[in-house]
Amino acid sequence: MSFDLVFFGGTGDLTWRKLMPSLFQAWRHGKLPAEGRILAVARDDRDDDSYRNWLHERLQAADSAKRPTEDEYRQFAALIHYLRMDLSQPADYQRLKAWLETRRTDNTVIYLATSPHLFPTICGQLGACGLNHDGIRVVLEKPLGHDLASAQQINQAVRAVFTERQALRIDHYLGKPSVQNLMALRFGNVLFEPLWRRESIANIQITLAESLGVGTRGDFYDRTGALRDMIQNHALQLLTMIAMEPPSSADADAIRDEKLKVLRSLKPFDGASVARDVVRGQYRGGTVNGQLAKGYLDEDKVPADSRTETFVALRCEVQNWRWAGVPFYLRTGKRMADRHADIVVNFRPTPHPIFPGAHNANKLVIKLQPDDGLELHLLAAKGSVSSAGAGAMPEILSPVSLDLDFDKAFPTDRVGAYERMLLDALAGRLNLFVRSDEQEQAWRWVEPILDNWAHDSSTVRGYTAGTWGPPAASALVARDGFAWPEEA
Ligand code: BG6
């Protein structure tokens, strides 16, 4: 299969930090279809060679296992080309078209790694010069809009040119191996499904914690905040995968229909529930992994009086027969104690305790990063005898866990999130891409939070860099009698 992969935003951060390194790994693993061309598009005045050299320097920053050798880079770089374009100029799209038409290709994927406000212009121009035929797909990077209305506007402009199946909205969390395994765990095994409901599950906690701050992206981040950056997309997508009903098949739309139903079942927020169930925070100076870290307000390109949240914790409910009454807690933050993402499914206690002092410890931890794997926490008899009186059960139970490390289980087959998403885009596999109705529904759900925050300046809580967020986030969970994993 031959392909052409075009990156708009070819000199941007995303392209050199994530997309090109992932493509290189795909090439190194022999997964990139042969007969491929990769075209970086940007405004800078460069040619193929100077772009290849520029990229080479950047790929040297990767950790040693992922860095190309000279020989590897020489071969990989032969696939890479550069085209200078002004994205507002129709004539430049004609040059792109001419470049693409220099040969016949099975698949053309145009990846829009630019600021989303350019998507309508780019799509309009692509359509105007006929670069929207069946053989073309576009990949749209987040953030797709900053609220429902702007997301709808972008979607409308995209839909005017491309069909839904040609427009691939990327959420790279769906490409993470553990998220794939979540589908396998739930729908490839019979073990958990009977327990996967309100009768057996007490609560579910999704944590997406980062130890990094906003780095050089202060201006973007300040306009965005953690709710838009991580909750509206990544955290909600994980929630849909956990809560969805079994789809009728593995077909993309069968899966996306079920995910959409979950989003539609989320209990809507109002002023009272935003105040009660959503905590926002902003990091202050502190120490992260032994290094001093400045506070958010001292970061580059962040206004000194910013009220943008770098942390969110919230409690929500999925209102359907499976989940009614089960709290789902989502939290994310920058400059937290650790880089750590997982989903913890806490099961209910045994209905009738017969062991002295044993409190239920059943939980399933789906680990996304830094390692990916599964831990099933159980109680087991240690073999020692309790000092409880006559008639009491003598066993003392202790928590133990069954650990599955996917890196050890499948040492050679691991594929990173962006690598997986890029290969899926080239193959036209849509399962992991977000449909526009899902994305709009997610905006619809977060919008009351944004609106309430816009009118209430009193509730941005400071937290020290290197901690797990403001104490109010612990209180949110403690109120229901639960605790976050690090406090349990
Ligand atoms: C991006 C956010 O979508 O995800 C970033 O814009 C965040 O702010 C990143 O750092 C986290 O992704 P990962 O895969 O490193 O957890």
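None of these values were measured; they are calculated from a predicted model.
Considering only heavy atoms from C-beta on, Asn452 stays 4.5 Å or farther from Ile449 through its side chain. Looking only at side-chain heavy atoms (C-beta outward), Ile343 and Leu368 come within less than 4.5 Å of each other. Residues Pro470 and Val279 are in side-chain contact: their nearest non-hydrogen atoms beyond the backbone lie under 4.5 Å apart. With contacts defined as side-chain heavy-atom distances shorter than 4.5 Å, the pair Glu375/Ile366 does not qualify. Contact annotation: the side chain of Thr240 approaches that of Leu263 to within less than 4.5 Å [non-hydrogen atoms, C-beta and beyond]. Between Tyr283 and Glu299 there is a side-chain heavy-atom pair separated by less than 4.5 Å. Ile204 has its side chain out of reach of Asn346: every pair of non-hydrogen atoms, C-beta onward, lies at least 4.5 Å apart.
The six-membered or imidazole ring of Tyr463 lies near that of Phe311, with a centre-to-centre distance under 6.0 Å.
A donor atom on one side chain and an acceptor atom on the other are not found under 3.5 Å apart for Asp171 and Asn233. Asp147 and Ser150 share a side-chain donor-acceptor pair at under 3.5 Å. Side-chain polar atoms of Gln25 and Lys31 form no donor-acceptor pair below 3.5 angstrom. Donor-acceptor pairing under 3.5 Å is recorded for the side chains of Asn155 and Gln439. Donor-acceptor pairing under 3.5 Å is lacking for the side chains of Arg159 and Gln156. At a cut-off of 3.5 Å, with distance as the only test, no side-chain donor of Asp44 or Tyr82 sits close to an acceptor on the other residue. Using modelled atom types and a 3.5 Å distance limit, the side chains of Thr308 and Gln282 yield no donor-acceptor pair. Using modelled atom types, one finds no donor on one side chain facing an acceptor on the other under 3.5 Å when comparing Asn362 with Arg348. For the 3.5 Å distance criterion, the side chains of Asp86 and Ser88 qualify, holding a donor opposite an acceptor.
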Could you go through residues 287-298 and list every donor-acceptor pair under 3.5 Å that involves a side-chain atom there, pairing it with any protein atom two or more places apart or in another chain?
from	atom 1	to	atom 2	distance (Å)
Tyr296	OH	Asp222	OD1	2.5

Please table the atom pairs, donor to acceptor, closer than 3.5 Å between any side-chain atom in residues 182-189 and protein atoms at least two apart or in another chain.
from	atom 1	to	atom 2	distance (Å)
Arg186	NH1	Met241	O	3.2
Arg186	NH1	Ile242	O	2.8
Arg186	NH1	Met244	O	2.8
Arg186	NH2	Met244	O	2.8
Asn189	ND2	Ala184	O	3.1
Asn189	ND2	Leu185	O	3.4

Listed pairs under 3.5 Å, donor-acceptor, residues 112-122 side chains, sequence neighbours left out:
from	atom 1	to	atom 2	distance (Å)
Ser115	OG	His117	ND1	2.7

Please tabulate, for side-chain N and O atoms in residues 417-425, each donor-acceptor pair with protein atoms closer than 3.5 Å (sequence neighbours left out).
from	atom 1	to	atom 2	distance (Å)
Tyr418	OH	Glu141	OE2	2.8
Glu419	OE2	His29	ND1	3.0
Arg420	NE	Asp424	OD1	3.3
Arg420	NE	Asp424	OD2	3.2
Arg420	NH2	Asp424	OD2	3.4
Asp424	OD1	Arg429	NE	2.8
Asp424	OD1	Arg429	NH2	2.7

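Scanning all heavy atoms of the two residues, the minimum distance from Glu447 to Leu148 falls at OE2-N, 2.9 Å. For the residue pair Ala483 and Gln205, the shortest heavy atom distance occurs at O-NE2, 2.9 Å. Val158 and Ala167 make their closest contact through CG1-CB, 3.7 Å (heavy atoms, listed as atom of the first residue, atom of the second, distance). The shortest heavy-atom contact between Asp480 and Arg315 is OD2-NE, 2.7 Å. Here the closest heavy-atom approach between residue Phe162 and residue Cys123 is recorded as CE1-SG, 4.0 Å. Nearest heavy-atom pair across Cys316 and Leu239 is SG-CD1, 3.9 Å.
The side chain to side chain donor-acceptor pair (under 3.5 Å) test applied to Asn320 returns no partner, not counting sequence neighbours. For Phe24, the ring-ring contact (aromatic ring centres under 6.0 Å, His included) partners two or more places apart in sequence, or in a different chain, are Trp27, Phe76. In terms of the ring-ring contact (aromatic ring centres under 6.0 Å, His included) criterion, Phe3 has no residue partners (sequence neighbours excluded). Taking Phe328 as the reference, Trp323 meet the ring-ring contact (aromatic ring centres under 6.0 Å, His included) condition, with sequence neighbours excluded. With sequence neighbours excluded, the residues forming a ring-ring contact (aromatic ring centres under 6.0 Å, His included) with Tyr173 are His234, listed by chain and number.
Distance CG/Leu131 to CD1/Ile136: 4.5 Å, rounded to 0.5 Å. The structure places CG of Asn431 at 9.0 Å from NZ of Lys259, a figure rounded to the nearest 0.5 Å. His340 contributes atom NE2, which lies 6.0 Å from atom OG1 of Thr207 (distance to the nearest 0.5 angstrom). Here the straight-line distance linking atom CE of Met336 with atom OG of Ser211 works out to 10.5 Å at 0.5 Å rounding.
By the neighbour-count criterion of 12 heavy atoms within 6.0 Å, atom NE2 of His455 is sparsely surrounded, having that number or fewer from other residues, nucleotides or ligands. More than 12 heavy atoms of other residues, nucleotides or ligands sit less than 6.0 Å from atom NZ of Lys301.
Among residue pairs with one or both ends in residues 11-22, those qualifying as side chain to side chain donor-acceptor pair (under 3.5 Å) are Asp13-Arg17; sequence neighbours excluded. Among residue pairs with one or both ends in residues 261-286, those qualifying as salt bridge (charged side-chain N to carboxylate O under 4.0 Å, His left out) are Glu258-Lys261, Asp277-Arg479; sequence neighbours excluded. Each ring-ring contact (aromatic ring centres under 6.0 Å, His included) pair with one or both residues in residues 247-271, not counting sequence neighbours, appears once here: Phe269-Trp445.
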inquiry  = I'd like to know whether Arg256 forms a salt bridge (Lys or Arg N to Asp or Glu O under 4.0 Å) with Asp437, so could you lay out the CA-CA distance, the side-chain angles of the two residues, the decisive distance to 0.1 Å, and finally the verdict.
reply    = CA-CA 9 Å; Arg256 299 188 295 185; Asp437 48 4; over 6 Å; no
key: Audit row: Val138, Tyr111, side chain to side chain contact (heavy atoms under 4.5 Å, CB included) steps and yes/no   = CA-CA 6 Å; Val138 277; Tyr111 197 120; over 6 Å; no
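One finds a salt bridge joining Glu245 and Arg322 here, because a Lys/Arg side-chain nitrogen approaches an Asp/Glu carboxylate oxygen to under 4.0 Å. Under a 4.0 Å N-O distance rule, the pair Asp253/Arg165 qualifies as a salt bridge. Using a 4.0 Å cut-off between a side-chain N of Lys or Arg and a carboxylate O of Asp or Glu, Lys334 and Glu210 qualify as a salt bridge. A salt bridge is absent between Asp405 and Lys367: the closest approach of a Lys/Arg side-chain nitrogen to an acidic carboxylate oxygen does not fall below 4.0 angstrom. By the 4.0 Å N-to-carboxylate-O rule, Glu164 lies too far from Arg435 to be salt-bridged with it. Ion pairing between Arg84 and Asp92 fails under the 4.0 Å rule for side-chain N and carboxylate O.
No option in Leu19, Ile110, Leu23 other than Leu23 meets the side-chain contact (heavy atoms from CB on, under 4.5 Å) test with Leu5.
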